[in-house]
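Working notes, structure below.
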Amino acid sequence: MNGEQLLAQAARTLREHTDSGWVALRDDVVALAVRAFRPSAPVRGTLPDGPLLVASTVVVSRVRTALAGIPGAGVLRITCTTTPDDDLDRLTVELVALYGTRLVPLAVEVRQLAATAVAETLGLARPPLDRVRVDVSVRDVTPDPRLL
């Protein structure tokens with residue numbers, strides 16, 4: 001069953017129930033929809049023999065792995081957006097930082113590590129700092145290093 005069929009079936013099921021029925025079914029329907037269809041945009045890379053398409057979830061996973069060892073910070077969320085031609089346009093990294101960590105040097109390190117991971121994943125000769133924006137956002141600060 002494809003995503004459209006699942007959505008149509010879920011809509012039919014919801015129309016057959018009252019509001020109280022929807023409340024009872026809501027979590028099950030949403031969980032089923034998420035398991036059935038999780039889109040991952042392609043990101044264009046380059047191989048010696050030609051173009052390469054990599055799932056955005058793979059790019060995010062590789063960047064997360066590259067950032068895992070940064071002292072004084074932990075990754076909360078990584079997202080990427082692509083151009084209409086599937087080129088990587090923007091990478092956004094949201095962090096939690098340890099209290100007292102110097103944020104500007106932290107952001108510089110995150111940008112460099114993220115760009116290097118993107119370059120390695122997409123087969124680029126050098127990190128794409130001049131082509132791809134890497135936005136770094138410190139969403140939280142904690143005094144407890146166990147929360148990183």
Side-chain angles (χ1 to χ4, degrees), residues 1-4 6-7 10-11 13-14 19-148:
M1 197 178 284
N2 67 28
E4 287 182 31
L6 283 172
L7 182 59
T13 302
L14 289 176
D19 287 343
S20 61
W22 161 244
V23 172
L25 286 176
R26 176 179 52 205
D27 292 336
D28 292 338
V29 171
V30 171
L32 179 63
V34 168
R35 279 194 312 270
F37 184 69
R38 176 168 273 159
S40 179
V43 180
R44 184 176 307 283
T46 306
L47 289 175
D49 296 336
L52 161 76
L53 290 177
V54 177
S56 60
T57 53
V58 172
V59 174
V60 167
S61 176
R62 296 285 307 266
V63 171
R64 183 178 298 279
T65 299
L67 299 178
I70 293 181
V75 175
L76 294 173
R77 183 175 176 208
I78 300 171
T79 56
C80 62
T81 57
T82 57
T83 67
D85 295 330
D86 297 326
D87 291 322
L88 185 61
D89 178 52
R90 178 183 304 257
L91 191 72
T92 303
V93 180
E94 297 176 14
L95 303 171
V96 58
L98 189 61
Y99 180 79
T101 300
R102 296 182 53 207
L103 299 181
V104 172
L106 173 65
V108 169
E109 183 178 9
V110 166
R111 281 189 183 96
Q112 184 59 50
L113 288 171
T116 300
V118 166
E120 291 170 355
T121 303
L122 299 180
L124 304 175
R126 58 188 169 80
L129 285 175
D130 59 331
R131 294 185 325 152
V132 177
R133 292 181 297 257
V134 179
D135 297 329
V136 179
S137 173
V138 177
R139 306 294 286 174
D140 198 4
V141 176
T142 180
D144 188 352
R146 295 174 297 173
L147 299 176
L148 298 180

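Side-chain atoms of Ser40 come within 3.5 Å of backbone atoms of Thr57 as a donor-acceptor pair (strictly under, hydrogens ignored). When atom types are taken as modelled, the side chain of Arg139 and the backbone of Glu94 share no donor-acceptor pair closer than 3.5 angstrom. Side chain of Ser56 to backbone of Ala41: a donor-acceptor contact under 3.5 angstrom is found. The backbone N or O of Asp87 sits nowhere less than 3.5 Å from a side-chain atom of Asp85 that would complete a donor-acceptor pair.
Val134 and Ala114 get closest at one heavy-atom pair: CG1-CB, 4.1 Å. Closest approach of Arg62 to Ala117, counting heavy atoms only: O-CB, 4.0 Å. Pro51 and Arg44 get closest at one heavy-atom pair: CB-NH1, 4.0 Å. Nearest heavy atom pair, residue Ala73 against residue Leu148, reads N-CD1, 3.8 Å.
Atom-to-atom distance recorded for Thr92:OG1 and Ile78:CD1 is 10.0 Å, nearest 0.5 angstrom.
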Let me have the donor-acceptor pairs involving side chains of residues 97-106, under 3.5 Å, with sequence neighbours excluded, atom names and distances please.
unit_1, atom_1, unit_2, atom_2, d
Thr101, OG1, Gly72, O, 3.4
Thr101, OG1, Leu98, O, 2.8

| Between Leu147 and Val96, is a side-chain contact (heavy atoms from CB on, under 4.5 Å) present by the stated rule, with each step listed? | CA-CA 8 Å; Leu147 299 176; Val96 58; 5.8 Å; no
| task | For Leu53 and Val43, run side-chain contact (heavy atoms from CB on, under 4.5 Å): C-alpha distance rounded to whole Å, both residues' side-chain angles, the deciding distance at 0.1 Å, then the answer. | result | CA-CA 5 Å; Leu53 290 177; Val43 180; over 6 Å; no
| field | Val108 vs Gln112, side-chain contact (heavy atoms from CB on, under 4.5 Å): CA-CA, chis, key distance, verdict | value | CA-CA 6 Å; Val108 169; Gln112 184 59 50; 5.6 Å; no
| said: Thr79 vs Val60, test: side-chain contact (heavy atoms from CB on, under 4.5 Å). Steps then yes/no. | reply: CA-CA 7 Å; Thr79 56; Val60 167; 5.9 Å; no
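Partner of Val110 under the side-chain contact (heavy atoms from CB on, under 4.5 Å) criterion, out of Val136, Val75, Val138: Val136 alone.
By the salt bridge (Lys or Arg N to Asp or Glu O under 4.0 Å) test, Arg90 is found to be paired with Asp135, residues two or more places apart in sequence or in another chain being considered.
Arg133 is listed as a side-chain neighbour of Asp89, based on a closest heavy-atom distance under 4.5 Å. Between Val118 and Leu88 the shortest side-chain heavy-atom distance falls below 4.5 Å.
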